[in-house]
Amino acid sequence: MFQDRLHAHLVPALQAAFKLHFGHDLDGSKVVFQQTRPEFEGDVTINVFPFLKASGQGPERTAQLLGDHLVAKLDIIERHNVVKGFLNLVISDAYWLGFLAEVGTKDLLAFPSTGMEMMVEYASPNTNKPLHLGHLRNIFLGWSVSRILEAAGHKVIKVQVINDRGIHICKSMLAWLRFGNGETPTTSGLKGDKLVGKYYVEFDKAYKKEVESLVASGRAKEEAEKQAPILLEAQEMLRKWETNDPDVRALWERMNGWVYDGFNATYARIGVSFDKDYHESGTYVLGKADVLAGLKKGVFYEKDGAVWVDNTKEGLDEKVLLRRDGTSVYMTQDIGTAIQRFEEFPGLRKLIYTVGNEQDYHFKVLFIILKKLGFAWADELFHLSYGMVDLPTGKMKSREGTVVDADDLVQEVVDTARAVTSELGKLDAFTDDERTALFEMIGLAALKYYLLKVDPKKRMLYDPAASIDLQGHTGPFIQYTYARIQSLLRKAGMDADALGTTMGIHALLPEERAVIKHLHQFPAVLNEAATRLDPSTVANHTYELVKAYNGFYQSVPVLKEEDAEKRSRRLALSTVVAATTKKAMWCLGIDVPERM
RNA sequence: GACCCCAUAGUUCAAUGGAUAGAAUAGGAGUUUCCUAAACUCUUGAUCCAGGUUCGACUCCUGGUGGGGUCACCA
């Protein structure tokens, strides 16, 4: 259970009680709250086992004495019971209703500004291939983490690094020159990134053919793979690029431009954006000077003409940072760009790299190097490492054509949303535009929620059937609950004045209490998500909230309630649930509809 | 070979060292003259194996087994 605002109420009283009865100080960090199990009476449970050493008493007696004290001293504790070492506390209706009234008019999930500036890097595509399912997990994660940090009061700068240079794009360029016949996105009707991707595949085909024929004419396979003429030509093109050959540069600009148009179309459809784009072509020369400076300072060393770092003391290996010919490696670049970013944004308090866990080692090394170079901010670097997405058939492999294309995937979930929603036939009042917008909203909710509800660190399975499911633990289920509340509120005529009058003489029903308790925990959940950079925490708690609300909705009348006080209290509760759900989904990058 | 990560119902996911391990889905049984049944209620079903630490272990430690990843003067 999360440490919510009750914690602040209870811990001091608990410590005072402890001192009084057992004569020792109680370490506040040992006080852990949990949700009371449904089979016992209570709202909050305190486990007293950790206190026994200090109390010198058995668990029952320790719990009993503390419980008696709390009931006597605190109005908000109605009564208690003790089961083994567990002290179950019943919190008063007044406390819960007071909480509801307090949040009734404000955003439960908006924290005061911290003034802290944080950069989140995500997406980071290569320009030779379209985006795929793996990118989607990365992008939704990065976007959601950005939103969560924003909600938590931080200032967030969202950036992507576009890997726009290198042998990969030269391969596409060369193949396009050879086989393209001047084809463009306009003449072909293909999205720009798809067109360039197509020629990357064409290159590979031609290359394989050349290797085969070389092998057939008696060359060793390894040699053939290195000597295939088309590969040599691509490498030559890269050299020309590096020496600013005007023709090569012009073609490169043109084809990358197509790719950006394609990427931007995808980004727009899935509802994400960036505050700043970095291009590898502009940063790949960075870092060299920093490494040389480190060499001078003795942080690095020279061996065989190359510059190395020795991380064996940290349990890692030695690693080359500058080749014998003085050129950079990938690590060099990353050193340089990190330094550049902190120069550009001196107020940065955190730099988060959303990158797959196959690069865990790379980032470990990078962070150690920056620390060794003496940058204080090296401690503020964070690798938001996420697991690969597997298919039911196994790994995604581009060579085997099992990669799930991002645009195709989005289209598929939207189509499914259209089919299912149309079947349910609740859209009579919708215009065509409204329908289209709703299908997009529902389809994307299904996809995003599916990818975000899993702990980012973990490898996950992408099951096409489950990802377009609209029932159960899904995004559309949450949207549906929201839409149903909106319908309720519209019919109630939303008489805002009534919402203040939630206090009253009627006891809370268990269903009402359950919903309020979920709301009550939510700020702590958001805090946790922001600390751990984990959207799944928010996703799962939102689900629990709306599930509790559905239970309430099912068995407790709202509009049909005749008692005005009960009715307005339930409307107030519904209002807060809707607002909180909307904000929580905003944190996940998911929109919610007013009706569906 | 070395290092890192993972292993929970049939399946996909939860569970700050704490009570009888939760959901969803699939399977079975129900709920609508009533605020949206994309909902709700009931039900079947799981901690890879062997040791250890602890009052208490899915969680921590050791050793297995199985799966994934990383280990270029590549990016």
Side-chain angles (χ1 to χ4, degrees), chain A residues 1-3 32-34 36-37 39-40 45 47-50 52-53 58-59 83-86 88 126 163 165-168 280 284 303-308 315-317 319-331 333 356-362 364 385 387-388 390 392 394-395 417 420-421 423-424 426 442 446 450 453-455 457-463 465-467 469-474 476-481 483-492 528 536-537 540 543-544 546-547 549-561 570-571 574 595-596:
Chain A
M1 181 169 171
F2 301 94
Q3 309 301 303
V32 176
F33 288 10
Q34 43 185 323
T36 305
R37 295 204 142 244
E39 58 269 34
F40 305 110
T45 294
N47 180 354
V48 301
F49 277 106
L52 298 186
K53 252 184 204 149
V83 182
K84 294 191 241 173
F86 297 92
N88 301 319
N126 285 1
N163 297 305
R165 54 132 247 135
I167 191 71
H168 53 85
E280 201 203 347
Y284 83 109
K303 187 173 77 183
D304 304 330
V307 179
W308 295 72
L316 305 173
D317 289 320
K319 165 95 193 155
V320 165
L321 299 177
L322 284 178
R323 298 189 190 99
R324 197 170 12 176
D325 64 6
T327 54
S328 297
V329 295
Y330 192 51
M331 186 67 74
Q333 248 186 80
N357 64 7
E358 75 271 21
Q359 295 205 39
D360 283 356
Y361 182 81
H362 173 82
K364 233 184 246 179
S385 165
M388 298 289 102
D390 284 329
K395 264 199 87 171
V420 173
T421 306
E423 176 115 359
L424 288 173
K426 298 177 179 179
I442 294 173
Y450 182 82
K453 73 175 173 184
V454 181
D455 183 340
K457 292 193 298 296
K458 293 195 178 167
R459 179 179 203 89
M460 70 176 289
L461 184 91
Y462 175 78
D463 176 1
S467 74
D469 205 337
L470 311 181
Q471 286 166 18
H473 189 183
T474 65
F477 170 87
I478 296 168
Q479 291 178 316
Y480 175 72
T481 307
R484 217 159 52 160
I485 296 174
Q486 292 311 298
S487 168
L488 202 62
L489 297 179
R490 277 192 300 271
K491 286 184 179 157
E528 181 89 359
S536 73
T537 316
N540 289 312
Y543 172 69
E544 280 167 26
V546 301
K547 197 170 162 52
Y549 182 84
N550 277 337
F552 158 82
Y553 180 91
Q554 190 72 23
S555 55
V556 180
V558 180
L559 296 179
K560 294 185 183 348
E561 173 58 54
R570 288 169 196 167
L571 279 170
S574 301
R595 53 190 95 211
M596 70 184 272

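Residue numbering restarts at 1 for every chain, and letters A, B, ... go by the order of the sequence lines.
If you check every strand for non-hydrogen atoms under 4.0 Å, A:R324 touches a base. Note on A:A466: nothing from the nucleic acid sits closer than 4.0 angstrom, heavy atoms only. At a threshold of 4.0 angstrom between heavy atoms, the contacts of A:Y543 are confined to the sugar-phosphate backbone, with no base atom among them. A:Y361 comes within contact range of the sugar-phosphate backbone alone, with a heavy-atom separation under 4.0 Å but no base atom that close. At the heavy-atom level, A:P557 lies under 4.0 Å from base atoms of the strands shown. Residue A:V558 is classed as a base contact, given a heavy-atom separation below 4.0 Å to a base. Nucleic acid contact class of A:E280 (heavy atoms, under 4.0 Å, all strands): sugar-phosphate only. As judged by a 4.0 angstrom heavy-atom cut-off over every strand, A:K457 is placed among residues making no nucleic acid contact. Heavy atoms of A:D304 sit under 4.0 angstrom from at least one base atom. Contact annotation for A:D317: backbone-only contact, meaning every heavy-atom pair under 4.0 Å involves sugar-phosphate atoms and none involves a base.
With RNA chain B read from its 5' end, the first of the two nearest nucleotides for A:T474 and A:V556 is the one closest to A:T474. Judged by closest nucleotide on RNA chain B, A:P50 is the one of A:N163 and A:P50 placed further toward the 5' end.
Of the C1' atoms belonging to B:A75 and B:C71, the separation is 15 Å, rounded to the nearest Å. For the C1' atoms, the distance from B:U62 to B:U70 is 24 Å, rounded to whole Å. Straight-line distance between the C1' atoms of B:C58 and B:C6: roughly 14 Å, to the nearest whole Å. Remark: the separation of the C1' atoms in B:A39 and B:A24 is 15 Å, to the nearest Å. The same atom, P, is picked in B:U25 and in B:U20; the two are 28 Å apart, to the nearest Å. Spacing between B:G10 and B:G45 at atom P, rounded to whole Å, works out to 10 Å. Spacing between B:U53 and B:G17 at atom C1', rounded to whole Å, works out to 11 Å. Using atom C1' as the reference point in both B:U54 and B:A2, the two lie 33 Å apart (nearest Å).
Between the C1' atom of B:U11 and the OH atom of A:Y450 lies a distance of 10 Å, rounded to the nearest Å. Distance, A:M460 CE to B:U12 P: 11 Å, rounded to whole Å. Distance A:D360 CG to B:C4 P: 12 Å, rounded to the nearest Å. Between A:N47 atom CG and B:U16 atom P the separation is 15 Å, expressed in whole Å. If you measure from atom NZ of A:K364 to atom C1' of B:C5, you get 10 Å, rounded to the nearest angstrom. Put simply, NZ on A:K458 is 13 Å from P on B:U12, counting in whole angstrom units. For the pair A:H473 NE2 and B:U25 P, the computed distance is 11 Å after rounding to whole Å. Protein atom CD of A:E544 is 18 Å distant from nucleotide atom P of B:C13, rounded to whole Å.
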Please determine whether side-chain hydrogen bond (donor to acceptor under 3.5 Å, both in side chains) holds for the pair A:Y462 and A:S467, giving the CA-CA distance in whole Å, both sets of side-chain angles, and the decisive distance to 0.1 Å. CA-CA 7 Å; A:Y462 175 78; A:S467 74; 2.8 Å; yes
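Ring stacking is absent between A:F49 and B:G56, as the pair misses the limits of under 5.5 Å between centres and under 30 degrees between planes.
Looking only at atom types and distance, the side chain of A:D469 has no donor-acceptor partner in the side chain of A:T474 under 3.5 Å away. No hydrogens or angles considered: nothing links the side chains of A:N357 and A:R459 as a donor-acceptor pair under 3.5 Å.
Annotation: side chain of A:N550 is in contact with side chain of A:R484 (closest heavy-atom distance under 4.5 Å). Here the side chains of A:D390 and A:M460 are not in contact, with every heavy-atom distance at 4.5 Å or above. Residues A:R37 and A:T45 are not in side-chain contact: their nearest non-hydrogen atoms beyond the backbone lie 4.5 Å or more apart. Two residues are said to be in side-chain contact when any heavy atoms from C-beta on lie closer than 4.5 Å; A:K319 and A:Y361 fail this criterion. Proximity of A:Y553 to A:T481: side-chain heavy atoms (C-beta onward) are nowhere separated by under 4.5 Å.
The phosphate of B:A75 (OP1 or OP2) has a side-chain N or O of A:R323 nearer than 4.0 angstrom.
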Under a 4.0 Å heavy-atom criterion, the protein footprint on nucleotides 36-44 of chain B, written with B, S and -, is BSBBS----
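By the neighbour-count criterion of 12 heavy atoms within 6.0 Å, atom CD of A:E39 is densely surrounded, having more than that number from other residues, nucleotides or ligands.
Comparing B:A14, B:G69, B:C74 by their closest approach to the side chain of A:V454 singles out B:A14.
In terms of polar N and O atoms assigned as donor or acceptor, the side chain of A:D469 never comes within less than 3.5 Å of the base of B:A26 in a complementary pairing.
Considering every non-hydrogen atom in both A:L488 and A:S574, the closest pair reads CD2-OG, 4.0 Å.
Here A:F552 and A:Y549 bring their ring centres to under 6.0 angstrom of each other.
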Dump every N/O contact between nucleotides 57-62 of chain B and the protein below 3.5 Å, one line per pair.
none

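Every residue meeting the side chain to side chain contact (heavy atoms under 4.5 Å, CB included) condition with A:V83, not counting sequence neighbours, appears here in chain and number order: A:F40, A:N81, A:N88.
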